[in-house]
Amino acid sequence: MDKLEHTLKPTEIIAENYVAIFYSGGGAAMFGVAEDVTIQKIARNIYHRNGVISTICHGTAGIAYLKDENGKSLYAGKRITGYPDKFENTEMDYYKAFPFSINQAIQKNEGNFVYSEKAGDGFHLVDGRFVTGQDPSSTTQVAGEVVKMLKHHFQNPNGIVKTDSEQVTETLLHYIEGTANGQPERLRKAFHPNFNLYTVATDSLWIRSGEQYIKHVQVGEKTNRIGKIISIDIEKDAAMAKAEILIPNVRLFTDYFLLLKYGGAWKIVHKSYSWRDLTPMEGK
């Protein structure tokens, strides 16, 4: 309920944190949604990352002008459904106020608009990674198809769908917790084989390899290091992250990471860090 009361604006959405976009129904979807370039970009980014685009009823209006970066329809040739003109009361003021016809707009954008003559029969379509429903009667079916598709494209061994942000966090925790708890195998999960660490000591650049770092982590030997992720910034298959590692009463490290996604997994490929010594009071 808190999320509903504090809905994010499109400009606040980080598309890389999502694996699907859903355009809900209602006549309001006819006004301003399809033309909104920020919403279009969110949908494109999700789709290009193997995500799903889904609509229902008048929500299909939201994808009326959806194109890729080269100006080509994102659903060219695909079968799309939504609330058709056939079941609209075209003589009513509400319809006359609509800025466009869903049928015609989808077809003009090279989509193949299809609908059921019966209405209210749960009609929906799955074409590629587009899942669309004709009217509210297809709500359950549309939701089920979206979930099924996400599990197919994003499922991990535990059966949980994880976003890139969650995967990057997991990789960082392999490093943070693996070091603190004496788990070198977790560090190998986090590090690219050619991973290096960089810092400056006595005004000189100091470089260590990931393997050198791992050798100093003894299995089962826990330390009093306390790690905290400060920020994560993701753009497609690249990410930057910042973390703090506290050794109480001794030292506070600030780590900057570069991560890349390849082979379906995020790996740390670079770490630069600095530190400052703490007074006893600071470490409390």
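Annotation: side chain of Ile106 is not in contact with side chain of Thr81 (no heavy-atom distance under 4.5 Å). Two residues are said to be in side-chain contact when any heavy atoms from C-beta on lie closer than 4.5 Å; Leu173 and Ile229 meet this criterion. Between Leu172 and Ile232 the shortest side-chain heavy-atom distance falls below 4.5 Å. Residues Gln141 and Val126 are not in side-chain contact: their nearest non-hydrogen atoms beyond the backbone lie 4.5 Å or more apart. For the pair Thr38 and Ile13, the minimum side-chain heavy-atom distance is 4.5 Å or more. For the pair Ile247/Asn224, a side-chain contact is recorded, criterion being any heavy-atom separation below 4.5 Å from C-beta on. In this structure the side chain of Met30 reaches within 4.5 angstrom of the side chain of Pro99, judged on heavy atoms. Put simply, the side chain of Met240 reaches to within 4.5 Å of the side chain of Leu258, judged on heavy atoms.
Taking hydrophobic clusters as Ile, Leu, Val, Met, Phe, Trp and Tyr residues chained together by side-chain heavy-atom distances below 4.5 Å, Ile226 does not share a cluster with Ile230. Following chains of ILVMFWY side-chain contacts shorter than 4.5 Å, one can reach Ile102 starting from Tyr94, so the two form part of one hydrophobic cluster. Tracing side-chain contacts under 4.5 Å through hydrophobic residues (I, L, V, M, F, W, Y), one never reaches Leu260 starting from Leu197; they form parts of separate clusters.
Less than 6.0 angstrom separates the ring centroid of Tyr175 from the ring centroid of Phe257.
Cluster note: Val114 groups with Phe123, Leu125 through ILVMFWY side-chain heavy atoms spaced under 4.5 Å, whether in direct contact or through intervening members.
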Please lay out, stage by stage, how Asn249 and Leu278 fare under the test side-chain contact (heavy atoms from CB on, under 4.5 Å). CA-CA 6 Å; Asn249 300 317; Leu278 302 175; over 6 Å; no
List the steps and the verdict of side-chain contact (heavy atoms from CB on, under 4.5 Å) for Leu187 and Thr179. CA-CA 7 Å; Leu187 297 175; Thr179 302; 3.5 Å; yes
For Asn109 and Tyr75, what are the C-alpha separation, side-chain angles and deciding distance, and is it a side-chain contact (heavy atoms from CB on, under 4.5 Å)? CA-CA 8 Å; Asn109 198 27; Tyr75 50 81; 3.0 Å; yes
Just do the side-chain contact (heavy atoms from CB on, under 4.5 Å) check on Ile245 and Trp275 with the steps written out, would you? CA-CA 9 Å; Ile245 308 296; Trp275 73 85; over 6 Å; no
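Across all their heavy atoms, Gly26 and His58 have their closest contact at O-CB, 3.4 Å. Closest of all the heavy-atom pairs between Asp85 and Asn103 is N-OD1, 3.0 Å. Ser73 and Ala76 get closest at one heavy-atom pair: OG-N, 3.2 Å. Taking every heavy atom of both residues into account, Gly59 and Ala29 meet most closely at CA-CB, 3.9 Å.
The pair Glu177-Arg186 meets the salt-bridge criterion, since a charged nitrogen lies less than 4.0 angstrom from a carboxylate oxygen. Looking at Arg188 and Glu185, no side-chain N of the basic residue comes within less than 4.0 Å of a carboxylate O on the acidic one, giving no salt bridge. A salt bridge does not link Arg79 to Asp127: none of the charged nitrogens lies less than 4.0 Å from a carboxylate oxygen. The existence of a salt bridge linking Glu170 and Lys189 is excluded, since no basic side-chain nitrogen approaches an acidic carboxylate oxygen closer than 4.0 Å.
Between Tyr213 and Phe191, the angle of the ring planes goes over 60°, which puts this pair in the perpendicular group of the 30/60° scheme. Ring geometry for Phe87 against Tyr115 counts as perpendicular: the plane angle is over 60°, on a 0 to 90° scale with 30° as the lower cut. Between Tyr95 and Phe98, the ring planes lie perpendicular to each other; the angle is over 60°, past the 30° to 60° tilted range.
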